[in-house]
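Right, I'll just put the structure down here and ask away after.
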Amino acid sequence: MIFRTIINKNSIITLIKNSKTLPQLNQIHAQIILNNFSNHLITSTKLTHKLFDFQATNQAKNLFKSLTKTNPPDLFLYNVLIRGLSQNGCPLDSLLAYLELRERTLLEPDNFTYLFVVSAVSALGCEKVGVLIHGHALISGYAKDCYAGSGLVDMYVNLGKIEDAYKVFDGIAEPDTVAWNTMISSLVKISFFHECCVVFRDMVRKGGRFDSTTVAVVLSAVAGLKDLRKGVMIQCVGIKVGCDLHDYVLTGLVNVYSKCGDILSAELLFGLIKKPDLVSCNAMIAGFSLSGDIKSAIRLFKELVCSRGRVNASTVVGLIPVSCPFRHLDLLRSIHCFCLKSGMLLDPSISTALISVYCRLNEIELGKRLFDESPEKGVAAWNAMISGYAQNGLTEPAISLFKEMQRLDIHPNSVTVTSILSACAQLGALSLGKWVHDLIKKGSFDWNIYVSTALIDMYAKCGNIAEARELFNTMEEKNVVTWNAMISAYGLHGLGHEALTLFEEMLNSKVTPSGVTLLSILYACSHSGLVEEGQKLYYFMVNDHGFTPSAEHYACMVDLLGRAGQLKKAVEFLNSMPVSPGTAEWGALLGACMIHKNTDLARLASDKLFELDPGSVGHYVLLSNIYSVDRNYSQAASVRQTVKKQNLAKTPGCTLIEVDGQPHVFTSSDQSHPNAAAIYDKLEEIMGKMKDVGFQIETTTALHDVEDEEKELMVTVHSEKLAIAYGLITSEPGTEIRIIKNLRVCLDCHNFTKFVSKITERVITVRDANRFHHFTDGVCSCKDYW
DNA sequence: CTAGGGTTAG
């Protein structure tokens, strides 16, 4: 055997270093014992180190124990032990070894000791121990050291103590590249992309020497932010200081350009990569798929399979056509099939991605089945399912899934609560929303911009605009979405001037308005009668800022003009459009015609609508109502006949009211409520008072049934009247009544509510399909303009 | 260096 020639310790150490397998190492170990080298400390240290490398943890431990008796281990060996135990899934043993070192020996821990033991504390997740060891490091003067300091930074980030991590980092005397990189990559690990870029900027300013690893990590943060400008800047900074275009850096750049939609640059950079590996190919595949170039994505995927024989989960997830899934159902099916056969479907990242894409395709059932069949469900899978429900308007299943999560003791995170808050907002579930808010206040989840924005939206949509604004004011970081949410909140409540003021503030801040901003502002103007202001802003955005309007923007402009009664101008606007108007634009005109009872224009608009979209119910209902206004009942009936023939049912109206945190839902003429008798009594009482003071019953623009309307109004009681009556009997006098309905409020109910607010001296808040109505003392905040 | 989940408008 080769060991015959062993003569000295140095050659044994070389053999240990070069050993490739555990059996090989064991043979060497045997030779060490045979040659009486067991007492040689350096040999034993190298052997322990190598045993840990081969994950032979128990052997390493035993070797260490056997050494103690003969000759005591030095600090170096202790460090090897602490590191090895920590890295091989024994963080507690690692910590115990550290304590043994401190208490049973005369040895003093050095910077390496702290670096290693601190990583064990990270794995244990025990903050108290972490602080204790930080204290030890401070006393011994190692907290300012790059090695120990980097370990502490990483530890605090893993413990979720970002501020402490920053403090430790700021205390490091002269951070080296590794220390900077640790700070930067720790922030990336927890998705603090913006903060990561800030640290990198500081590093450049302070003249810190960065390497290709730094640049690659910062680029991954930039990709997370989808900020192309930053990506280009970092590229320039890198080139300026001569950081070579290492393959990792190029891969990072491919990723940034892909995420930002510049697929041509991504492809170009991909071509510069010297040896494309799995990672860089994955980045490129994801880029192709995201840009809609499915053909290229598949081509590269096939190349990868041919040349390497296998791919990983990242490859598959990247290939899933998330940008336009409805156009690539075949591919989706193939991927699903491929994963099923290869067993990759068991990978949580793949199943989660599939659940998400199915939900986006409205294939909730399919998503749910995949969800149920996933054996290893992470929080992400739950989040995908919950948001799938919430985004499709299925608020109840979203909330019940959230409750099931808690029953199963699966901890929701900030992503979960963001979706739940969105569901609360849609549903008007103020109590649940407040409950979630309390949980957040208690510190159960991270506060971030998504959560705050969702909270603002929730409060606004549940009627509490003041709380929404309060939250908005206290946010230190705001993005476009935050501003949009607040602007549209004002629009929703008919507070057009406040919306305009906020928009001014937004322009003064550094946030660039988006298409949604303009929509929100136009919507707010339209619902407050601010025609001039809305028009001015529209042309300001389009002419001065080169903004390209979409169909929704055109529709909003038609609505703005039309709602204010300027129908002629609305038609002129339609004719002046650079593209031909679609259903959104004509629909807006039809709606305006209905408000202002212009039958001729209504007919024109509805003809266009039927031409463009024969299947839609809403248009039929509107048209039918138009004829009713004209007292042309036979025409109205014939339109409704068409609706019935095509089996196009209209949405039944319903209203929700919360009493003591419990939701109560009423439908038209609902008798099913346990307190029905009392409710109808109350209603009769109010109706009687209304008649006494001569309130007219108005039916002409009722959006509900138009057939036999006289007869129907006798027997039909709209759901919101029932909800208000119930609110009156269940709440204390003087308190606010808050109801939510799924359709637009009708004129009759609007009058009814005004009257109730006057005689009962109550504030009544009604959220209808479009907006809020705040009734006080017989007047509505919408000024009868809705 | 690559992969899964989130907020606004309609």
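First the proteins, then the strands, lettered A, B, ... as listed; each starts at 1. Note: hydrogens, waters and symmetry copies are ignored here, and every other heavy atom, side chains too, is used.
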Identify whether any heavy atom of A/Asp347 sits under 4.0 Å from a base atom; if not, whether one sits that close to sugar-phosphate; answer base, sugar-phosphate or nothing.
nothing
By the 4.0 Å heavy-atom rule, please label A/Asp247 as base, sugar-phosphate, or nothing.
nothing
Could you check whether A/Ser280 gets within reach of a base, just the sugar-phosphate, or nothing at all, counting any heavy atom under 4.0 Å?
nothing
Report which part of the nucleic acid A/Val316 touches: base, sugar-phosphate, or nothing (heavy-atom distance under 4.0 Å, all strands).
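The answer is nothing, as A/Val316 stays clear of every strand by at least 4.0 Å.
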Where does the angle between the aromatic ring planes of A/Trp382 and A/Phe371 fall among parallel (under 30°), tilted (30 to 60°) and perpendicular (over 60°)?
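The arrangement is perpendicular - the two ring planes meet at more than 60°.
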Atom CD of residue position A/Glu470 - does it have more than 12 heavy atoms of other residues, nucleotides or ligands inside 6.0 Å?
no
Atom pairs and distances, donor-acceptor, side-chain atoms in residues 215-225 of chain A, under 3.5 Å, two or more places apart:
unit_1, atom_1, unit_2, atom_2, d
A/Ser220, OG, A/Val217, O, 2.7

Does A/Phe547 have any ring-ring contact (aromatic ring centres under 6.0 Å, His included) partners at least two apart in sequence or in another chain, and if so, which?
A/His553
Give one of base, sugar-phosphate or nothing for A/Lys478, where a contact means two heavy atoms less than 4.0 Å apart.
nothing
Does a sphere of radius 6.0 Å around NZ in A/Lys608 hold more than 12 heavy atoms from other residues, nucleotides or ligands, not counting ones at 6.0 Å or beyond?
no
Looking across every strand, which nucleic acid part, if any, lies under 4.0 Å from A/Ala353 by heavy atom: base, sugar-phosphate, or nothing?
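A/Ala353: backbone/sugar contact only, no base atoms under 4.0 Å.
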A/Lys226: partners by salt bridge (charged side-chain N to carboxylate O under 4.0 Å, His left out), with sequence neighbours left out
none
First-last contacting nucleotides on DNA chain B - partner chain A, under 4.0 angstrom, heavy atom
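Footprint of chain A along DNA chain B, 5' to 3': B/dC1 to B/dG10.
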Give me the one residue out of A/Leu507, A/Leu537, A/Leu518 that meets side-chain contact (heavy atoms from CB on, under 4.5 Å) with A/Pro513.
A/Leu507
With ring centroids as reference points, do A/Tyr538 and A/Phe573 lie under 6.0 angstrom apart?
yes
Listed in order of residue number, which residues of residues 412-422 of chain A have a non-hydrogen atom at under 4.0 Å from DNA chain B?
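Heavy-atom cutoff 4.0 Å gives A/Asn413, A/Ser414, A/Val415, A/Thr418, A/Ser419, A/Ser422.
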Does A/Lys377 reach a base, just sugar-phosphate, or nothing at all? Heavy atoms under 4.0 Å.
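Answer is nothing: A/Lys377 stays at 4.0 Å or more from every strand.
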Just call it for A/Gln391: base, sugar-phosphate, or nothing, with non-hydrogen atoms closer than 4.0 Å on any strand.
sugar-phosphate
Any base atoms under 4.0 Å from A/Val317, or only sugar-phosphate, or nothing? Heavy atoms, all strands.
sugar-phosphate
Output every pair passing salt bridge (Lys or Arg N to Asp or Glu O under 4.0 Å) with a member in residues 548-559 of chain A, not counting sequence neighbours, ordered by first then second residue.
A/Asp559-A/Arg563
